[in-house]
Amino acid sequence: MRIARFSIDGNVAFGAVEGDKQDELVLDIIKGIPFADFALSGTKVPVSKVRLLPPVLPNKVVAFGRNYAEHARELGNEVPDAPFAFFKPSTSVIGPGDEIQYPPFSQELHHEAELAVVIGRMCREVPRERVQDVIFGYTCANDVTARDVQKREKQWARAKGFDTSCPLGPWVETDLDLATASDLTVQLTVNGEQRQLGRTSEMIHSIEDLVVNISEAMTLLPGDVILTGTPAGVGPLNVGDEVAVTIEGIGTLTNKVVKRG
């Protein structure tokens, strides 16, 4: 099931996405919230009539860097022996169609297409064999990065945590199991030109590795998001660019870059 979060007439709701053709998609409005028992209302509205929002509002976004060997090498970094985590604040999250605002303190903004894991239940110290049980689904993400700031400041809070630096969407796909999610095509285009192309099977540390690693340290809550790293091909974004992340079996997340202010 594809579950989207949307607004219509000033109201916010979740809905199950139905249909295959983009211009014919409809939402069956959900009674309740998707992280608990819910039912489909049978009340349907065309996707074209709503504004899609970030599919979840995470308490925290845990991101893992340098999880694809070729990406680590393209930036001149060593491949880490263990998962390498950092955080993006909830205020960095935007949805499909929202604008990425080019921060005024950077002159080198980069795109990073990623598979995002959405947590479905409160959990801590998750054993490897239970990882599937705590995953609600998967969505597309763009770990937008102020690369010059990342290099200059040596830590990543501002470079990767600024407002609008974490586009998520367009919805959460709940029907992918771990085996399938672990071998999906991830691609990114800028103004229709392909920049990144990889597969989640190229990850150094698997989805299970990442969930086990971070849940050893902290409690994960329903709606929390784990970013799993980006394949090679990261590069610059400029004001006016349209950037699209497409992940096999999930969908396409599109955002435009604008000047802040």
Side-chain angles (χ1 to χ4, degrees), residues 1-62 88-98 114-124 126 130-142 166-181 184 207 211 215 218-228 245-255:
M1 181 180 291
R2 294 168 292 174
I3 295 181
R5 181 172 161 269
F6 66 96
S7 66
I8 183 171
D9 297 329
N11 298 308
V12 175
F14 289 94
V17 183
E18 299 178 352
D20 296 316
K21 296 182 179 179
Q22 185 63 36
D23 57 353
E24 297 178 0
L25 297 178
V26 298
L27 290 160
D28 191 335
I29 297 176
I30 287 173
K31 294 180 179 178
I33 60 172
F35 301 110
D37 292 336
F38 68 88
L40 298 178
S41 67
T43 301
K44 299 185 181 183
V45 58
V47 169
S48 60
K49 301 295 184 182
V50 309
R51 178 190 172 198
L52 290 180
L53 302 173
V56 291
L57 288 178
N59 174 272
K60 53 187 170 293
V61 177
V62 183
K88 295 173 82 81
S90 59
T91 49
S92 69
V93 174
I94 58 173
D98 289 342
E114 309 207 7
L115 175 71
V117 179
V118 179
I119 298 299
R121 55 190 287 189
M122 184 186 297
C123 58
R124 187 180 66 175
V126 181
R130 296 294 302 277
V131 167
Q132 178 70 66
D133 298 339
V134 306
I135 293 176
F136 176 66
Y138 302 88
T139 191
C140 306
N142 192 346
C166 190
L168 296 174
W171 41 66
V172 178
E173 175 56 72
T174 66
D175 285 343
L176 296 175
D177 59 22
L178 265 172
T180 303
L184 299 175
I207 295 169
V211 173
S215 70
M218 66 191 64
T219 300
L220 300 175
L221 302 176
D224 280 352
V225 169
I226 296 174
L227 304 188
T228 58
V245 177
T246 300
I247 299 182
E248 179 185 2
I250 298 176
T252 299
L253 167 66
T254 303
N255 301 91

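Counting begins at 1 with the first residue of the sequence.
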E24 side chain vs G19 backbone, donor-acceptor pair below 3.5 Å: no

Please find the pair of heavy atoms, one from L253 and one from P167, that lie closest to each other, and give the distance. CD2-O, 3.5 Å

Which atom of L115 lies closest to which atom of A181, heavy atoms considered: CD2-O, 3.8 Å

Might you work through the side chain to side chain contact (heavy atoms under 4.5 Å, CB included) test for I3 and W171, ending with a clear yes or no? CA-CA 5 Å; I3 295 181; W171 41 66; 5.9 Å; no

Can you tell me how far the OG1 atom of T139 sits from the CZ atom of R2, to the nearest 0.5 Å? 12.0 Å

Do L176 and I135 have side chains that approach each other closer than 4.5 Å (heavy atoms only, starting at C-beta)? no

Any I226 side-chain heavy atom under 4.5 Å of I207 side chain: no

Does R121 reach the side chain of D133, with side-chain heavy atoms less than 4.5 Å apart? yes

Starting from the C-alpha separation in whole Å, work towards a yes-or-no answer on side chain to side chain contact (heavy atoms under 4.5 Å, CB included) for N255 and N142. CA-CA 9 Å; N255 301 91; N142 192 346; 5.6 Å; no

For residues L220 and V134, determine if any side-chain heavy atom of one lies less than 4.5 Å from a side-chain heavy atom of the other. no

I'd like to know if the side chain of N59 and the backbone of D224 have a donor-acceptor N/O pair within less than 3.5 Å. no

Decide side chain to side chain contact (heavy atoms under 4.5 Å, CB included) for T252 and V245; before the verdict, give the C-alpha distance in whole Å, the side-chain angles of both, and the deciding distance to 0.1 Å. CA-CA 5 Å; T252 299; V245 177; over 6 Å; no

What verdict does the side chain to side chain contact (heavy atoms under 4.5 Å, CB included) test give for F38 and I33, after you've listed the backbone C-alpha separation in whole Å, the side-chain angles of each residue and the deciding distance to 0.1 Å? CA-CA 6 Å; F38 68 88; I33 60 172; over 6 Å; no

With the threshold set at 4.0 Å, does a side-chain nitrogen-carboxylate oxygen contact exist between D9 and K49? no

Measure the shortest side-chain to side-chain distance between L40 and I30 over non-hydrogen atoms and say whether it is less than 4.5 angstrom. yes

Answer yes or no: is there a side-chain heavy-atom contact under 4.5 Å between V93 and P58? yes

Grab the two heavy atoms, one from S215 and one from V126, that are nearest each other, plus how far apart they are. OG-N, 3.0 Å

Are any of the side-chain heavy atoms of V26 and D28 separated by less than 4.5 Å? no

Say you draw a straight line from CG of D175 to OH of Y138; how long is it, rounded to the nearest 0.5 Å? 11.5 Å

Shortest non-hydrogen separation from G251 to P170 and the atoms involved: C-CD, 4.3 Å

Heavy-atom closest pair, residues G95 and P54: N-CG, 3.4 Å

Point-to-point distance, once rounded to the nearest 0.5 Å, from CD1 of I8 to CG of L27: 9.0 Å

Please examine the side chains of V56 and R5, heavy atoms only from C-beta on, and report whether any two atoms are closer than 4.5 Å. no

Reported OG1-to-CD distance for the pair T180 and E173, which is rounded to 0.5 angstrom: 10.0 Å

Is it the case that more than 12 heavy atoms not belonging to M122 sit under 6.0 Å from its CE atom? no

Considering non-hydrogen atoms only, spot the tightest contact between P55 and F14 and give its length. O-CE2, 3.5 Å

CG on L168 to CG on D98, rounded to 0.5 Å: 10.5 Å

Give, for atom CD1 of I29 and atom OG1 of T43, the distance between the pair rounded to the nearest 0.5 Å. 5.5 Å

